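Below, all heavy atoms of this structure are taken into account, side chains as well, without hydrogens, waters or symmetry copies. Read the numbers this way: they start at 1 and go in the same order the structure lists the ligands and their atoms. Quick caveat, the model's predicted, so the values are computed rather than measured.
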Amino acid sequence: MYDALTSTYTFSCPIHGETRVCLSRFRRLEQLPGARHPAVYRVEFACGCGSEHPGLVSHDDLDWAPLGLADETRFVNLMTSKLEAVAGELSDVAAARIKAGEWPWSFFCWPEERPRPVFPSAFTLLAPAVSSDRVGVAVRCPVCGKISVNLVTRGHVDVPFLNDREIGVVEHVFERDADATVAEFRAELESESFDARRLGLE
Ligand SMILES: [Zn+2]
Ligand SMILES: [Zn+2]
């Protein structure tokens with residue numbers, strides 16, 4: 001499903017049969033109700049054929065496979081202080097970097113006015129920026145539960161531990177309602193009213 005060498009996910013395409021896409025080509029992520037062990041996410045992705053298709057991704061593939069971890073039995077919450085107890089299960093490289101204060105993914109929470117560590121399963125909407133090759137990401141904050149929209153490079157999304165030093169932030173608190181959020185997200189991306197924020201978590 002996830003290929004660590006190319007940082008891509010494999011999905012099926014009605015035209016190509018099989019296709020590989022980076023996380024930044026995801027457009028919408030939504031946890032399926034019911035399935036919890038492991039949780040399963042329904043995604044829509046922008047395919048190389050020009051269309052968007054649906055696909056399914058397990059929580060493990062979404063959050064852990066990019067870190068070199070794919071074991072179904074693992075449950076780790078890196079947001080808490082349980083890090084020490086689980087460090088032995090993390091891949092050596094990922095564990096060393098997280099212990100040194102680096103985070104695989106981070107974003108800027110606008111309602112809290114601060115950067116936060118995050119995992120891809122917190123991304124809800126993604127879309128290419130209008131006039132640059134950056135990508136807009138709507139992230140549901142794991143701490144306050146509110147959605148913020150950041151404008152980041154593709155690498156920031158696709159490559160763990162590659163965090164942009166400075167990102168664009170929309171000064172807007174988004175509705176919790178999914179459809180309203182999609183409409184607001186598109187409007188904010190088109191308006192390009194982003195403020196720069198530093199992402200250093202230290
Ligand atoms: Zn396709
Ligand atoms: Zn927050």
Candidate pair Thr8 and Asp3, rule side chain to side chain donor-acceptor pair (under 3.5 Å), full reasoning:
CA-CA 5 Å; Thr8 55; Asp3 179 57; 4.6 Å; no

Verify side chain to side chain donor-acceptor pair (under 3.5 Å) between Glu184 and His172, making sure each step is shown before the conclusion.
CA-CA 9 Å; Glu184 290 174 69; His172 180 95; 2.4 Å; yes

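In this structure, the ring of Phe26 has its center no less than 6.0 angstrom from the ring center of Phe45.
A salt bridge does not link Arg154 to Asp133: none of the charged side-chain nitrogens sits closer than 4.0 Å to a carboxylate oxygen. The pair Glu44-Arg28 does not meet the salt-bridge criterion, since no charged nitrogen lies less than 4.0 angstrom from a carboxylate oxygen.
Under a 3.5 Å cut-off, the side chain of Ser24 and the backbone N or O of Val157 do not form any donor-acceptor pair.
Inspection of the environment of the Zn ion (ligand 1) yields the following protein N, O or S atoms under 2.8 Å: Cys13 SG, Cys47 SG, Cys49 SG, His53 NE2.
Glu112 meets the salt bridge (charged side-chain N to carboxylate O under 4.0 Å, His left out) test with Arg116; sequence neighbours excluded.
When SG of Cys144 and SG of Cys141 are joined through the Zn ion (ligand 2), the resulting angle is 110° to the nearest 10°.
The Zn ion (ligand 2) is closest to atom OE1 of Glu112 (considering only N, O or S atoms).
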